[in-house]
Structure formats: C-alpha cells, structure tokens
Visitor: 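Before I ask anything, here is the structure I am working with.
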Amino acid sequence: MNFNATLIGQTVAFIIFVWFCMKFVWPPLMNAIEERQKRIADGLADADRAVKDLELAQAKATDQLKEAKVTANEIIERANKRKAQIVEEAKTEADAERAKIIAQGKAEIEAERNRVKEDLRKQVATLAIMGAEKILERSIDPAAHSDIVNKLVAEI
C-alpha cells in the first residue's frame, strides 16, 4: 500500500475535521442532549408526583364524600326531629284551639239557653197575668205591679 499525498491530505483533513467537531460541534450537541435528558427526567418525576398527587386527591375526595354523607345524614336526622317537633306542637296547639272553641260553643249555648229561659219566663209571666186577668176579670197594670211580676218571674 502506498502512502501518497492524497492519503496524508485526507488524514490531515480528517484530523482537522475531528478536532473542529470536538471543539465547536460536540459541546453544543452534548449540552442539548443533556438538557433534553434533564427535561425528560423532570417530566418523569413530575408525572410520578402527579400520580401520587392524584392518589392523594382521590383519597381526600373519598374522605370528604364520606364526611359529606355523614353530615347529610345528621342534617336529615335533625330535620326529621324538627318535623316531629313541629307536628307535635301543631297537635298541641290544635288541641288547645279545639278546647277553646268547644268552651266558646258551650258558653254560647249556655248563654242562649239562659236567654231562652228568660224569654220563656217572661212569656209564662205574661200568660199568668193574662190568666189572672181573666180569672179576676180585671186588668193588672204591669207597670204598677212590676214588683209582683218580677217576683213571679224569679220564682219561675
């Protein structure tokens, strides 16, 4: 094999090319590769953290849901108790109102009965006076003899 100038020129050109690449091309490529590797590693770490955060969020959401159900049940229970209390109060008020209405009705009936008795007594007194007039054949003046009429009404 002959070493001639072409081979030596190509070797020198290759060595200069390698030196040039190592000096000016290789460092930016290595920096870009390292940055890319770092971004990929950060992305994977972020993904792992996101998965852990998601699991924590799901656990927290489950706990909050359980607490919300317990709170809702407590609210429903209090509402049912309050409903029963309101119904009981309404029954008590209704019973009191019923008793009041019955007492008013009885009082009205008693007053009406007393008025009717008084009217009946007056009518009986009038009838008695008319009967006495017919018996005595004379007229008794109610104004003049009001004390007799009042005694007669009181006796009846």
Visitor: What do the steps show when you test Gln123 against Leu120 for side-chain contact (heavy atoms from CB on, under 4.5 Å), and what is the final call?
Guide: CA-CA 5 Å; Gln123 288 176 2; Leu120 189 59; 4.2 Å; yes

Visitor: My understanding is that only residues two or more places apart in sequence, or in another chain, count here; which of them pass salt bridge (charged side-chain N to carboxylate O under 4.0 Å, His left out) with Glu77?
Guide: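 For Glu77 the salt bridge (charged side-chain N to carboxylate O under 4.0 Å, His left out) partners, ignoring immediate neighbours, are Lys81.
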
Visitor: Go through the structure and list residues passing side chain to side chain contact (heavy atoms under 4.5 Å, CB included) with Thr62, not counting sequence neighbours.
Guide: Lys66

Visitor: Taking all non-hydrogen atoms of both residues into account, name the closest pair between Pro27 and Cys21 and its distance.
Guide: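 Between these two residues, the closest heavy atoms are CD-O, 4.3 Å.
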
Visitor: For Phe17, check ring-ring contact (aromatic ring centres under 6.0 Å, His included) against everything at least two apart and list the hits.
Guide: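 Per chain and number, Phe17 pairs via ring-ring contact (aromatic ring centres under 6.0 Å, His included) with no residue.
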
Visitor: Restricting to pairs with a member in residues 24-65, which pass ring-ring contact (aromatic ring centres under 6.0 Å, His included), not counting sequence neighbours?
Guide: Phe20-Phe24

Visitor: Would you please name every residue forming a side chain to side chain contact (heavy atoms under 4.5 Å, CB included) with Val116, sequence neighbours left out?
Guide: Glu112

Visitor: Among pairs that include at least one residue of residues 90-105, which meet side chain to side chain donor-acceptor pair (under 3.5 Å), considering only residues two or more places apart or in two chains?
Guide: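 Pairs touching residues 90-105 that pass the test: none.
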
Visitor: Any chance you could measure Gln10, atom CD, to Asn4, atom CG, to the nearest 0.5 Å?
Guide: 8.5 Å

Visitor: Just to verify, what does Gln85 make a side chain to side chain contact (heavy atoms under 4.5 Å, CB included) with, not counting sequence neighbours?
Guide: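 Checked Gln85 against side chain to side chain contact (heavy atoms under 4.5 Å, CB included); matches are Arg82, Glu89.
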
Visitor: Can you list everything that forms a salt bridge (charged side-chain N to carboxylate O under 4.0 Å, His left out) with Asp119? Sequence neighbours excluded, please.
Guide: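 Here the qualifying residues are Arg115.
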
Visitor: Tell me every residue that passes salt bridge (charged side-chain N to carboxylate O under 4.0 Å, His left out) with Glu110, counting only those two or more places apart in sequence or in another chain.
Guide: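 Listed in chain order: Arg113.
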
Visitor: Side-chain heavy atoms nearer than 4.5 Å, only ILVMFWY residues, links allowed to pass through others: does that put Ile15 and Leu7 together?
Guide: no

Visitor: Would you give the length of the straight line joining atom CG of Asn80 to atom CG of Asn73, rounded to the nearest 0.5 angstrom?
Guide: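 Interatomic distance, Asn80 CG to Asn73 CG, rounded to 0.5 Å: 10.5 Å.
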
Visitor: Tell me every residue that passes ring-ring contact (aromatic ring centres under 6.0 Å, His included) with Phe14, counting only those two or more places apart in sequence or in another chain.
Guide: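 Once residues adjacent in sequence are excluded, Phe14 has no partner under the ring-ring contact (aromatic ring centres under 6.0 Å, His included) criterion.
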
Visitor: Let me check something: do Trp19 and Leu29 share a hydrophobic cluster, defined by ILVMFWY side-chain heavy atoms less than 4.5 Å apart, either directly or through other members?
Guide: yes

Visitor: Tell me every residue that passes side chain to side chain contact (heavy atoms under 4.5 Å, CB included) with Ile75, counting only those two or more places apart in sequence or in another chain.
Guide: Thr71, Arg78

Visitor: Enter the distance from Glu67:CD to Leu65:CG here, rounded to the nearest 0.5 Å.
Guide: 10.0 Å

Visitor: My understanding is that only residues two or more places apart in sequence, or in another chain, count here; which of them pass side-chain hydrogen bond (donor to acceptor under 3.5 Å, both in side chains) with Asp46?
Guide: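 Counting only residues at least two positions away or on another chain, Asp46 forms a side-chain hydrogen bond (donor to acceptor under 3.5 Å, both in side chains) with Arg49.
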
Visitor: State whether Arg121 and Glu118 are salt-bridged, where the test is any N-O pair (Lys NZ or Arg NE/NH1/NH2 against Asp/Glu carboxylate O) under 4.0 Å.
Guide: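 So Arg121 pairs with Glu118 through a salt bridge.
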
